[in-house]
Amino acid sequence: MQSPIHVTSEIGKLKTVMLHRPGKEIENVYPEILHRMLVDDIPYLPIAQEEHDLFAQTLRDNGAEVLYLEDLLTEALADDNIKDEFLEKIIAESGYAAGAIHDGLKEFLLSFSTKDMVNKIIAGVRKDEIKTKYASLAELAEDKDYPFYMDPMPNAYFTRDQQACIGDGITINHMTFKARQRESLFTEYIIKHNKRFADKGVEVWRNRYPEGRIEGGDELVLSDHVLAIGISQRTSAKAITELAESLFEKSNYDTVIAIHIPHNHAMMHLDTVFTMINYDQFTVHPAILRDGGHVDAYIMHPGNNGEISITHETNLKEILKKALDKPEIDLIPTGGGDPIIAPREQWNDGSNTLAIAPGVVVTYDRNYVSNDLLRKHGILVHEVRSSELSRGRGGPRCMSCPIVREDLKK
Ligand SMILES: NC(=O)NCCC[C@H](N)C(=O)O
């Protein structure tokens, strides 16, 4: 059976992509919780939505079918039993497995249509929105001034991270920080219960329950048998090993290139510093390269008796040449490698390009130095507006989850 997921590269023509249009969750962020919510500023919602609509339209204009996470989840919850089961899980993962607040939240959420309920869960539920029949001492006395029973999910529009499509399957991710961990429950329900995916042979390479942490921004599908993955603030060596074991056992993938990157907020995922944009071209933030273009990379292949063989290599160009079987690789430095422009543009996701076809990318307009350089290297660049979207600290690749891409011609 043909899987509804098919992604065998980072650059094959984009056919189907999943987005989330930013909603009320953005307006439930306030200064005291900014950093815990993993954002550095509060986007102005109407403009963020306008910018996001233009981003979606750019993808449609270039032939992609745009699906919205909120619609896919709503469809997945059409059956009342499944909706009930989902509500139990999301309320429990929000901290209330049982008790008065659990009951109050459930009754409140069930009072909405399924679509509005989904949007409300993403937006967050304030304490003053529900009535509880009684409250425990903990509920009365602890965190009295904290306004939410269910936290907002202001990062939901970065649909790259909760999951990642690789080949005909998907990883449903155990995310690093509490602020984002509930988001991948949505993916689990979409894959299990949305008719587009349910019972259609989608392989789950790794589900959201093992402890090791992993996020899609670190997962780069370089070809139909090579995956690059960041060892980063968000993805652990343990999760990478488990994913490699699963891919080697069940898929065509025979090479996983684990690249160590700095563990910090500006470079949280591999795709904030390194993306593939053509058969032999990549963007790279110079800060991840040591003298001579070196990184710490660990090349994993299936070994004997189900073990994994690992070699340590450091020359990024050589690693990519070998993995992709190319005579040369063009690494295009963010901000031209300038010591001020490069980190400034990287901060606003100048390295985070979304390829929509080989040599054709979508980028933020504000990173004009990087964009001009891409053009000089022969790339077709579609710029999208970015004043508000960029405040969430993610770019076009972060805001998109490719579901289907055309295979590359061999
Ligand atoms: N792939 C990505 O780099 N996604 C960006 C995620 C930004 C979000 N504020 C986060 O910290 O998770």
Side-chain angles (χ1 to χ4, degrees), residues 7 10 17-20 22-23 25-26 28-29 31 33-43 48 51-52 55 69 122 124 151-166 171 173-184 186-187 208 213-221 227-236 239 259 261-277 283-285 287-288 334 345-355 361-364 367 384 386 388-402:
V7 177
E10 284 291 304
V17 64
M18 179 174 74
L19 310 182
H20 165 63
E25 63 277 7
I26 301 291
N28 271 338
V29 176
I33 63 168
L34 265 187
H35 288 116
R36 190 163 56 76
M37 289 289 140
L38 309 173
V39 292
D40 299 291
D41 203 351
I42 306 165
E51 291 175 354
H52 196 272
F55 172 57
L69 158 74
I122 298 172
D151 275 351
M153 302 186 199
N155 295 295
Y157 73 100
F158 297 117
T159 53
R160 178 65 63 163
D161 300 323
Q162 306 91 334
Q163 66 285 304
C165 298
I166 304 171
T171 63
N173 293 337
H174 181 113
M175 301 183 80
T176 305
F177 293 111
K178 197 160 173 256
R180 300 203 65 181
Q181 281 171 346
R182 291 171 302 161
E183 290 176 37
S184 61
F186 301 166
T187 320
R208 65 193 289 271
R213 56 204 163 69
I214 180 168
E215 300 192 1
D218 280 308
E219 303 174 68
L220 270 64
V221 182
L227 180 79
I229 188 158
I231 307 173
S232 71
Q233 185 196 62
R234 304 296 178 88
T235 297
S236 65
I259 303 175
I261 61 168
H263 288 34
N264 64 43
H265 185 53
M267 305 183 203
M268 68 196 94
H269 299 115
L270 184 59
D271 72 354
T272 65
V273 288
F274 176 74
T275 50
M276 185 174 189
I277 54 179
T283 63
V284 64
H285 180 38
I288 67 160
T334 309
E345 293 207 342
Q346 188 277 335
W347 177 244
N348 284 309
D349 284 283
S351 312
N352 190 260
T353 53
L354 169 67
V361 298
V362 179
T363 61
Y364 277 164
N367 298 315
V384 293
S386 57
E388 299 307 311
L389 292 175
S390 62
R391 294 181 200 272
R393 203 82 306 112
R397 188 182 188 277
C398 306
M399 290 191 299
S400 54
C401 173

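Order of appearance sets the numbers: ligands from 1, and atoms from 1 within every ligand. Only heavy atoms go into these numbers, but all of them, side chains included; no hydrogens, no water, no symmetry mates. This one's a predicted model, so the numbers in the text were calculated from it and none came from an experiment.
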Side chain to side chain donor-acceptor pair (under 3.5 Å) between Thr275 and Arg397, intermediate numbers included: CA-CA 9 Å; Thr275 50; Arg397 188 182 188 277; over 6 Å; no
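A donor-acceptor pair is defined here as one N or O able to donate and one able to accept, closer than 3.5 Å; such a pair exists between the side chain of Glu51 and the backbone of Leu389. A donor-acceptor contact shorter than 3.5 Å links the side chain of Glu215 to the backbone of Thr176. Asp218 contributes no side-chain N or O that, together with a main-chain N or O of His269, makes up a donor-acceptor pair within less than 3.5 Å. Using a distance-only test at 3.5 Å, with no hydrogens or angles considered, a donor-acceptor pair links the side chain of Ser236 to the main chain of Arg213. Side-chain atoms of Glu345 never come within 3.5 Å of backbone atoms of Thr334 as a donor-acceptor pair (strictly under, hydrogens ignored).
For Glu215, the heavy-atom gap to ligand 1 stays at 4.0 angstrom or more.
Contact annotation: for Met268 versus ligand 1, heavy atoms closer than 4.0 Å belong to the side chain alone. Using a 4.0 Å cut-off between heavy atoms, Asp161 contacts ligand 1 through its side chain alone, with no backbone atom that close. The proximity of Leu38 to ligand 1, defined as any non-hydrogen pair under 4.0 Å, involves the side chain as well as the backbone.
Given atom 8 (C) of ligand 1, the protein heavy atom at minimum distance is Asn155 OD1, 3.1 Å. With respect to atom 7 (C) of ligand 1, the closest heavy atom belonging to the protein is Arg393 O, 3.3 Å. Here the heavy atom of the protein found nearest to atom 3 (O) of ligand 1 is His269 ND1, 2.7 Å.
Interface of Gly392 with ligand 1, defined as ligand atoms under 4.0 Å from a residue heavy atom, comprises 7 (C), 8 (C), 9 (N). Against a heavy-atom cut-off of under 4.0 Å, Cys398 is close to the following atoms of ligand 1: 1 (N), 2 (C), 3 (O), 4 (N), 5 (C). Less than 4.0 angstrom separates some heavy atom of Asp271 from each of these atoms of ligand 1: 1 (N), 2 (C), 3 (O). Contact atoms of ligand 1 toward Gly217: 1 (N) (distance under 4.0 Å to a heavy atom of the residue). Applying the 4.0 Å criterion to heavy atoms of Thr272 picks out, from ligand 1, the atoms 3 (O).
Judged purely by distance below 3.5 Å, without hydrogens or angles, the side chains of Arg160 and Ser400 pair a donor atom with an acceptor atom. Donor-acceptor pairing under 3.5 Å is recorded for the side chains of His20 and Glu25. Counted by atom type alone, Thr283 and Ser351 present zero donor-acceptor pairs between their side chains at under 3.5 Å.
Closest to atom 11 (O) of ligand 1 by heavy atom, among Arg180, Arg234, Gln162, is Arg234.
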